[in-house]
Amino acid sequence: MRLLPRYAGPATTVTLSDLWLRSTCDDTGVNVDMARAPLTDDRIAEFLAELPGWQRVDDAIERTYKQAYHETLHLAMYVGAKAREIGHHPDIHITWQRIRFSVTTHDAGNRLTECDFELARWIDSIAEGHGATPLD
Ligand SMILES: C[C@H](O)[C@H](O)[C@H]1CNC2=NC(N)=NC(=O)C2=N1
């Protein structure tokens, strides 16, 4: 079992993109702008087209990866660190050899917003860095 985290990439640094996303997606007194407005079905389809592998499930987007159980715990830790940085958090479901991420915007009444697609992009990047295999 790998004892040290495999991935020490963007999840541990705050980038301009994070700062933008944080100012757009968290609720620390920043005006809720377009990024947190519920998206129309057409816009959701446009965003999904840019995120191959993510599926819409009702008013959330989901993706599942295959990875050794203990590696999925590492991956969840780094995704959690990124979620804290950007103020937007996925549901994470871990079972044997599988990790599934589900993202929606609770503050918009559990509807899909731009924040969800930004978070999905980060999850893809971190999962790739961890060597997780998409199951789509
Ligand atoms: C106050 C806090 O920033 C907000 O409640 C954030 C926290 N993380 C979040 N994560 C997700 N997935 N949806 C939200 O609406 C959300 N809101």
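In each ligand, atom 1 is the first atom listed, and ligand 1 is the first ligand listed. What you see is a predicted model; the values in this text were computed from it and never measured. What's counted below: heavy atoms across the whole structure, side chains too, no hydrogens, waters or symmetry copies.
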Suppose I only count heavy atoms of [X] and a 4.0 Å limit; which atoms of ligand 1 are within that range?
| X | value |
| --- | --- |
| G87 | 6 (C), 7 (C), 8 (N), 9 (C) |
| T104 | 11 (C), 12 (N), 13 (N) |
| H89 | 7 (C), 8 (N), 9 (C), 10 (N), 11 (C), 12 (N) |

Could you please spell out the steps behind the side-chain contact (heavy atoms from CB on, under 4.5 Å) verdict for I86 and E118? CA-CA 10 Å; I86 66 176; E118 279 289 333; 5.8 Å; no
Measure up the H130 and Y78 rings against each other and bin them: parallel (under 30°), tilted (30 to 60°), perpendicular (over 60°).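 Ring orientation, 0 to 90° scale: tilted.
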Would a distance-only check, ignoring hydrogens and angles, find a side-chain to backbone donor-acceptor pair under 3.5 Å from D124 to R121?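 Not a single qualifying donor-acceptor pair exists.
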Hey, quick one: are V57 and W54 part of the same hydrophobic cluster, counting side-chain heavy atoms closer than 4.5 Å, chains of contacts allowed?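 Looking at the clustering, W54 is in a separate group from V57.
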Given side-chain contact (heavy atoms from CB on, under 4.5 Å), test I123 with R63 step by step and report yes or no. CA-CA 9 Å; I123 290 169; R63 195 173 193 186; over 6 Å; no
Please check whether H106 reaches ligand 1 - meaning an N/O of the residue sits under 3.5 Å from an N/O of the ligand, judged on distance alone.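 Between H106 and ligand 1, an N or O pair is found under 3.5 Å apart.
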Out of N110, V103, D107, whose heavy atom sits nearest atom 5 (O) of ligand 1?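 Shortest heavy-atom distance from atom 5 (O) of ligand 1: D107.
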